[in-house]
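What you see is a predicted model; the values in this text were computed from it and never measured.
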Amino acid sequence: MATKSPRQHHRSQSWHNFTDIPNNFNRLVGTSSKPPILPVREEDGQRRPSRSLMERPKSRRWRTFVDLLIVGAFMIIVLSFWQKDGVAWRRRVCPKIQHGINSSFELYHERKGPKIVISSGAYSNVVDGVSRTLNRLVSDLQSRGYRVLVLAPVVDPPAMPHHGMLLPVPSFSLPFRAEYSFARGIDSCTREVLQGHDPDFVHIATPDYLGMQVQKWAQEHTLPIGCSYHTRFNSYLPYYFEGAVLHTVNSALWQWLQYFYDGCDHVYPPTRRIGKEITDHGVTSEMRIWPRGIDLSSFNPNYRSEEQRKEWGVKPGEVVVLLASRMVWEKNVRVYIDTMNYLLEKKVPVRPVVVGAGPALASIRTEMPEAYFMGHLGGSNLSTAFASSDIFFFPSLTETWGNVALEAMASGTTVVLAKGPGGTELVRHNDTGYLVDVTDPEDPVRAIKELVENRQLRHRLAITALQVIRSEQAYSWSHVTDILEQHYVDLMEQGKMMRAEGSGERSAHRQTRPMPPEMPQTMPLDLSELDS
């Protein structure tokens with residue numbers, strides 16, 4: 001028999017593979033009695049199963065990681081040219097301004113206050129601390145006569161009703177977190193609206209691609225820029241990376257944040273500790289504290305309901321331990337799960353109740369079969385859940401402020417928070433609540449067990465926290481907006497000075513005063529005191 005040439009053998013083998021697709025498919029899915037096809041690799045003349053990513057040498061892992069970054073960047077570039085109404089280069093479809101609560105073109109022209117543009121990656125498209133804070137801010141600013149235009153992604157239907165005028169920007173859903181949208185910046189339509197709005201200054205809430213383009217647009221028009229700091233993105237990284245990759249990504253992230261926030265005239269962290277964390281990483285822009293507020297009419301002990309506790313199945317002597325948060329692993333919900341399961345195993349009379357929704361909810365339900373899950377709540381239902389609980393345990397380390405902690409304290413519920421930048425600014429340990437080391441599994445268990453068994457201690461902490469919040473008007477939204485409005489006034493003065501000189505040089509007009517004190521104190525305090 002004649003020997004086939006290498007090319008003939010390749011062709012016959014390829015044809016055989018093509019004609020045998022059904023049989024190969026059956027073996028892959030397991031519908032055949034033949035063993036399934038496994039990925040194999042040739043090594044030293046032997047055939048062995050392929051190694052997983054983490055079993056490969058570091059050099060190959062880095063190549064794989066770089067390849068994933070390249071593929072991800074390519075996907076973003078491709079998706080950035082795609083719109084729901086058709087391909088962007090084929091036709092130009094400009095979105096319409098969406099009017100929300102207390103918003104219309106008539107009201108816009110009736111207001112005589114400053115004109116402001118707010119840019120954010122979260123507004124009506126997702127319900128989280130950022131979107132809730134910004135909607136409350138827009139509501140307060142409009143009541144003071146400000147003419148506000150918000151640039152943000154939108155979804156249909158919206159995740160929450162919004163305040164003010166909202167201009168949708170081109171965006172697409174993130175493939176690994178569908179509830180969040182990636183804004184593709186500002187297009188010619190957005191630039192025309194910005195030109196017509198003619199703002200006095202801009203406020204950027206998210207350091208994303210949209211925020212960067214709005215920042216560049218403001219710099220081109222010599223407008224002052226204020227940037228609020230809402231999310232500790234660096235604290236999310238350990239949930240996705242480890243080892244040398246974590247160090248590299250963390251370093252790259254801080255380089256980006258330094259570059260972005262150095263392009264702002266003001267940076268608004270909610271606390272001094274967060275401000276110090278930013279300046280320690282090289283940001284030179286002026287830091288000004290902008291804390292968050294709470295509506296005491298919506299969160300107070302009057303919402304406590306025995307009917308709600310019956311619905312939760314609370315038995316006499318049981319203590320309700322509440323978690324209210326977005327159900328994502330970055331909120332450190334693993335600590336809540338492990339703590340509650342351990343206490344239940346040891347017959348400690350606790351009743352876990354979980355409020356919130358998110359991609360991790362299904363897994364949390366599976367791991368906590370004895371907990372009561374209420375899903376996403378808002379309005380009076382959320383107020384009732386806070387007030388009807390006995391302990392609020394929030395183990396997250398990613399918070400810059402922690403609105404939910406204030407809401408629990410105002411509801412008369414004892415709070416147990418993680419020792420993080422957000423919790424340590426809101427709670428005085430063993431006075432207005434407990435602070436626990438969530439990196440030590442025994443510390444949360446010990447603290448909650450003590451509070452469950454000592455009712456008098458639990459009530460003392462709750463009453464003290466409630467008195468602090470009620471007596472200090474610093475936590476009211478009105479006072480918080482007063483603080484930010486004063487920052488806006490100073491920001492606009494800086495803008496006038498830049499335009500008068502015509503240079504657009506921003507650093508010459510930045511002040512170097514010490515960072516303002518934490519709420520509710522009034523005396524100046526230098527950042528260096530936080531090192532002790």
Side-chain angles (χ1 to χ4, degrees), residues 118 120 122 128-141 143-144 203-206 226-232 261 264 266-279 283 285-299 394 396-411 415 417-428 431-433 435 465-491 513-527 529-530:
I118 297 180
S120 176
D128 61 8
V130 179
S131 59
R132 292 170 60 193
T133 296
L134 293 178
N135 273 276
R136 179 60 194 241
L137 171 63
V138 171
S139 175
D140 287 356
L141 291 177
S143 67
R144 300 176 184 217
H203 178 158
I204 304 174
T206 310
C227 299
S228 51
Y229 192 86
H230 298 267
T231 306
R232 298 180 67 236
Y261 286 113
C264 307
H266 286 178
V267 178
Y268 305 133
T271 68
R272 291 174 304 164
R273 292 184 185 275
I274 296 297
K276 186 175 186 300
E277 181 179 50
I278 300 171
T279 56
V283 178
S285 297
E286 183 183 352
M287 298 287 153
R288 295 202 173 197
I289 300 297
W290 175 38
R292 310 293 185 259
I294 187 171
D295 185 356
L296 294 178
S297 64
S298 297
F299 296 96
F394 192 46
S396 175
L397 290 168
T398 63
E399 309 306 303
T400 59
W401 177 258
N403 291 12
V404 288
L406 271 186
E407 291 166 355
M409 295 164 71
S411 301
V415 297
L417 304 182
K419 287 181 181 177
T424 53
E425 297 288 352
L426 295 178
V427 168
R428 297 192 296 267
D431 183 24
T432 58
L435 295 172
L466 184 60
Q467 289 175 343
V468 168
I469 289 180
R470 285 183 171 179
S471 62
E472 301 289 353
Q473 291 301 312
Y475 291 113
S476 69
W477 274 114
S478 176
H479 182 70
V480 166
T481 306
D482 287 342
I483 294 174
L484 184 59
E485 188 175 19
Q486 184 57 54
H487 298 337
Y488 284 167
V489 170
D490 296 341
L491 188 65
R513 65 181 186 180
M515 184 175 294
E518 197 48 58
M519 307 297 292
Q521 301 168 349
T522 56
M523 296 299 293
L525 183 62
D526 191 86
L527 279 173
E529 298 185 23
L530 294 176

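- When every heavy atom of V415 is checked against every heavy atom of A408, the shortest pair comes out as CG1-CB, 3.7 Å.
- Looking at heavy atoms from C-beta onward, I483 lies out of side-chain contact with I289 at the 4.5 angstrom threshold.
- Within the structure, salt bridge (charged side-chain N to carboxylate O under 4.0 Å, His left out) contacts touching residues 396-407 (residues at least two apart or in different chains) are R132-E407, K331-E399.
- A distance of 4.5 Å separates CE of M409 from OG1 of T432, quoted to the nearest 0.5 Å.
- Heavy atoms only, all atoms of each residue included: A405 and L417 are closest at CB-CD1, 3.8 Å.
- Across every non-hydrogen atom of L406 and I294, the tightest pair is O-CD1, 3.2 Å.
- Side-chain polar atoms of S476 and S478 form no donor-acceptor pair below 3.5 angstrom.
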When you look at E277 and R232, which way does the side chain to side chain contact (heavy atoms under 4.5 Å, CB included) test go after all the steps? CA-CA 10 Å; E277 181 179 50; R232 298 180 67 236; 2.9 Å; yes
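- Taking 4.5 Å as the limit, some side-chain heavy atom of R144 sits within range of a side-chain heavy atom of T481.
- In this structure, the separation between NE2 on H230 and OG1 on T400 is 7.5 Å, given to the nearest 0.5 Å.
- Seen from the ring of W290, R288 does not count as a face-on cation partner, given the 6.0 Å and 45° thresholds.
- Taken to the nearest 0.5 Å, the OG atom of S285 stands 9.5 Å off from the NE2 atom of H266.
- If you take OH on Y261 and OG on S228, they are separated by 7.0 Å, rounding to the nearest 0.5 Å.
- Side-chain atoms of H203 and Y488, non-hydrogen and from C-beta on, do get closer than 4.5 Å to each other.
- In this structure, CG on L491 lies 9.0 Å from CD on E286, to the nearest 0.5 angstrom.
- Here C227 contributes atom SG and I278 contributes atom CD1; the two are 10.5 Å apart, rounded to the nearest 0.5 Å.
- Here the side chains of P291 and T271 are not in contact, with every heavy-atom distance at 4.5 Å or above.
- Here the shortest heavy-atom pairing between L397 and A418 reads CD2-CB, 3.8 Å.
- T398 has its side chain out of reach of T231: every pair of non-hydrogen atoms, C-beta onward, lies at least 4.5 Å apart.
- Proximity of a side-chain donor or acceptor of S139 to a complementary backbone N or O of N135 within less than 3.5 Å is not detected.
- Looking at L426 and R292, their side chains never come closer than 4.5 Å, going by heavy atoms from C-beta outward.
- A donor atom on one side chain and an acceptor atom on the other are found under 3.5 Å apart for D128 and S131.
- The aromatic rings of W401 and Y475 sit tilted, their planes meeting at an angle between 30° and 60°.
- Of all heavy-atom pairs spanning I274 and P269, the tightest one is CG2-CB, 3.9 Å.
- Taking every heavy atom of both residues into account, A122 and L134 meet most closely at O-CD1, 3.9 Å.
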